[in-house]
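Numbering starts at 1 and runs along the sequence shown. Nothing here was measured: the structure is a model prediction, and the numbers come from that model.
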Amino acid sequence: MMLVVGLIWAWHLFIVLAYFWYRARPSDDASSPTFSWHSLGVVIMTAVVFGNISVWLFRTLDDAQLPTKVYQLARVLDFNGKHTCANLPQGASVVFIGPDQNKVLIDSNSQATPGLEEFFGREASGWETPPERFAVTDCRVAPAP
């Protein structure tokens, strides 16, 4: 996808540069091409979008912050406090694992997860880092009354 967008950007950049090249050369030709504002807009907007993506990828998702960001993302998307395990406290954040879904991975972190703007907009300093190991236990469902 990035290759296709890059090729489209290069084509529109060629159109803009060709216009200026045509205007700069001496010519007695009365017909001159019209300037393509559309192409200039595509070149500028694509540069802005790719610039922002680059800053986002290399500053807020660099290798040092990636484990913490992935952990925070997993806490939001995978861990859940709504479970029916009788041997775990109500509200404990767990992920069911295994083919039978009878074991749970427990997240003991109680820190609030960051919002979307905070997640993408700033560095992960001050966030709780992922634990070295998660507690894994069986999930014993309470018998129905």
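Hydrophobic side-chain contacts under 4.5 Å tie Y71 into a cluster, directly or through other members, with F79, V95, I97, L105, F134, V136.
Contact of the L40 side chain with the F35 side chain is registered, since non-hydrogen atoms from C-beta on lie closer than 4.5 Å.
Residue C139 comes nearest to V104 through the heavy atom pair CB-CG1, 4.0 Å, listed as atom of the first residue, atom of the second, then distance. Nearest heavy-atom pair across I15 and S36 is CG2-CB, 4.0 Å.
Applying the salt bridge (charged side-chain N to carboxylate O under 4.0 Å, His left out) test to residues at least two apart or on different chains, the pairs with a partner in residues 79-106 are K103-D138.
Taking a 6.0 Å sphere around CZ of F50, one finds it holds more than 12 heavy atoms contributed by other residues, nucleotides or ligands.
Cluster membership for L88 and F96, using ILVMFWY side-chain heavy atoms within less than 4.5 angstrom, is shared. A single hydrophobic cluster is not seen to contain both F14 and V5; linkage of ILVMFWY side chains at heavy-atom distances under 4.5 Å, directly or through other members, places them apart. Under a hydrophobic-cluster definition in which Ile, Leu, Val, Met, Phe, Trp and Tyr are linked whenever side-chain heavy atoms come within less than 4.5 Å, directly or via other members, I44 and W37 are assigned to the same cluster.
Each of L17, V42, T46 was scored for a side-chain contact (heavy atoms from CB on, under 4.5 Å) with H12, with one residue passing: V42.
Put simply, the side chain of H83 never gets that close to the backbone of S93: no donor and acceptor are under 3.5 Å apart.
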